[in-house]
Protein chains: 2
Amino acid sequence: MASDHTRSAILAAAERLYADRGFGDVTLRDIVAEANVNLAAVNYHFGSKDELIAELFVTRSIQTNRERLNELRAAEDAGGGRAAIEDIMRALVGPTLRGCLGPDREGSTAARFMIRASIESVPPIRRIKNREVDHLRKFAAAMRRAMPGRDDTELYWGLHFALAMAHHTIREKERLLRLSEGKCDLDDVRAIIDRVVTVSVMALTIGDMPSKPAARPVLVHGRLTRQDL
Amino acid sequence: MASDHTRSAILAAAERLYADRGFGDVTLRDIVAEANVNLAAVNYHFGSKDELIAELFVTRSIQTNRERLNELRAAEDAGGGRAAIEDIMRALVGPTLRGCLGPDREGSTAARFMIRASIESVPPIRRIKNREVDHLRKFAAAMRRAMPGRDDTELYWGLHFALAMAHHTIREKERLLRLSEGKCDLDDVRAIIDRVVTVSVMALTIGDMPSKPAARPVLVHGRLTRQDL
DNA sequence: GATAGTTTCATACAAATGTTTGAAATGCAA
DNA sequence: TTGCATTTCAAACATTTGTATGAAACTATC
């Protein structure tokens, strides 16, 4: 392989276009035009369109996962093998949130691509995401060490909710901004991470929930009108 | 209009197929084959494929929003115009979670369709979702009445996190099930709603930590009661 | 500098897909 | 029935799209 020029030009162009316009709207012809390479180059270098997308996503996922594990290990080392639960949750959601939010990141193609991958779920990306469970298990294990004796179920729910808040904030940041009329500062990533971590740790403390009164009966539907939406 | 037969056959077939196989994999030809109608019927009755999808999604969204507002109003009436924050959050996430989770709902085409719409974000659906802000504002207003004096920002974040947990649970229920090796019971919808509501209400309390330290939620392992909030 | 292996290129292919068309069928009112 | 509007139908259209092909250009090794 003399030079990676074509290959990396395709990767860069594809990531930029996918980030900006989404997977559904970008064709291979768009990508090769942006990269100034021949149409056949994609299949030559990557095999297929799906493998190109997969390579993009895997690369970025590995980066995020590595950052997460680095933070986790640092926290565990600092705590003599057992990290504080706050730091574990911070290691879980911090890298993703830092990567996808913040004013300076607005121009980051990688971040915008990952947001897009989070919003539009296409088959090659879904296949990869399904393998993410092994990675999350490492965090579940760390949480178990940090909160020994706690029911595993609670751990999983806490981890799940932490990811929920982080990902939903990335996915729906525009809506939150509009809903709050700009009052929610989505550029202050530090504060957002703190907020998510705080709530996540809180969620982990509700061990045995009191049974609540039964949910109210579902009310009858009337005729649907457009105004209801 | 003599009979809605063809029209509703298309709607039913489309919803079922989209729910089962996703938007990307289902073509108009699949739909008309399932509905036993002619291919041109879709364009005749709906104008275009996107308008068909939009109609499906709008109908189901209206139902959910209606249920939400009914629950909210019921809670406000029961509280003499001011609903408890728990009930507001319950009205927000309850209908969606009840609609999309639970063992009996496994066969519900409507629920599976909405899950699919939540996972695969396709252009016509995204356009409709963008109009959802007005609906959420009604909940923000109710929350403001329930927690007067609280900073609006905190309200929005709490509302945002509640939706985050609800939607993420629907979107990623398979992963949570696999991660927890079946330990997290995703069929016990009541418990899930309670959990989401509890954490959401907790999240709403982190705003007044500096000014009202006494009002902080109890972080010990015991039960969380109303006065703790 | 000839040769073998690699990469690029223009072009073609094949399949899928949403949409349109114009005629036939159907329903309904006068 | 007759006439008019609505609905259905088979067929074709027009693109778009990912992929394959085979020759040409290039590179590196001998």
Side-chain angles (χ1 to χ4, degrees), chain A residues 1-58 113 116-117 120-128, chain B residues 1-58 113 116-117 120-128:
Chain A
M1 186 183 318
S3 153
D4 268 353
H5 171 263
T6 300
R7 209 185 131 85
S8 28
I10 291 172
L11 284 170
E15 186 169 47
R16 183 167 53 243
L17 288 178
Y18 284 144
D20 286 342
R21 292 161 37 192
F23 296 102
D25 287 348
V26 175
T27 70
L28 289 188
R29 284 169 176 80
D30 294 330
I31 293 171
V32 299
E34 181 85 357
N36 277 311
V37 301
N38 188 271
L39 174 60
V42 173
N43 287 277
Y44 178 78
H45 284 283
F46 298 93
S48 71
K49 180 198 184 187
D50 278 11
E51 289 173 87
L52 166 63
I53 293 177
E55 170 137 355
L56 282 170
F57 186 69
V58 164
F113 172 80
R116 188 64 75 168
E120 284 180 52
S121 194
V122 290
I125 288 182
R126 244 175 320 204
R127 276 193 290 273
I128 294 161
Chain B
M1 188 175 316
S3 155
D4 267 351
H5 171 264
T6 300
R7 209 185 130 85
S8 27
I10 291 172
L11 284 170
E15 184 168 47
R16 184 166 53 244
L17 288 178
Y18 284 144
D20 286 343
R21 293 162 35 194
F23 297 102
D25 287 349
V26 176
T27 70
L28 289 188
R29 283 169 177 81
D30 294 330
I31 294 171
V32 298
E34 181 86 357
N36 278 313
V37 301
N38 188 269
L39 174 60
V42 174
N43 287 279
Y44 177 78
H45 285 282
F46 299 93
S48 71
K49 180 196 184 188
D50 277 12
E51 288 172 89
L52 166 62
I53 293 177
E55 170 135 355
L56 282 170
F57 185 69
V58 164
F113 173 80
R116 188 63 78 171
E120 283 180 53
S121 192
V122 73
I125 288 183
R126 246 177 317 208
R127 276 192 290 274
I128 293 162

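We name chains A, B, ... by the order of the sequence lines, and we start the count at 1 in each one.
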It should be established whether B:His45 places a side-chain nitrogen or oxygen under 4.0 Å from OP1 or OP2 of nucleotide D:dT8.
yes
B:Thr6 vs D:dT7: side-chain N/O to OP1/OP2 distance below 4.0 Å
no
Side-chain-base donor-acceptor pair under 3.5 Å for A:Asn43 and D:dA20
no
Starting at atom [atom1] of [X], determine the distance to atom [atom2] of [N], rounded to an integer number of angstrom.
X	N	atom1	atom2	result
A:Phe46	D:dT19	CZ	P	13 Å
A:Asp50	D:dT17	CG	P	15 Å
B:Leu17	C:dT17	CG	C1'	16 Å
A:Glu51	D:dG18	CD	P	14 Å
A:Asp4	C:dT6	CG	C1'	13 Å
B:Asn38	D:dC9	CG	C1'	4 Å

Does any non-hydrogen side-chain atom of [Y] lie less than 4.5 Å from one of [X]?
X	Y	result
B:Ile125	B:Phe23	yes
A:Glu55	A:Arg7	yes
A:Lys49	A:Ile31	no
B:Asn38	B:Val32	no

Nearest to the side chain of B:Lys49, which nucleotide is it out of C:dG18, C:dT21, D:dT19?
C:dG18
Would you say B:Asn43's side chain and B:Ala40's backbone share a donor-acceptor pair under 3.5 angstrom?
no
When A:Tyr44 and A:Leu39 are each assigned the nearest nucleotide of DNA chain C, the 5'-most assignment goes to A:Tyr44
With sugar-phosphate meaning primed atoms plus P, OP1 and OP2, does B:Ala40 contact a base, only sugar-phosphate, or nothing at under 4.0 Å between heavy atoms?
base
What distance separates B:Arg16 CZ from B:Asp30 CG, expressed to the nearest 0.5 Å?
12.5 Å
Which residues pass the ring pair (Phe, Tyr, Trp, His ring centres under 6.0 Å) test with B:Phe57, sequence neighbours left out?
none
Near DNA chain D, under 4.0 Å by heavy atom, which residues of residues 18-35 of chain B?
B:Arg29
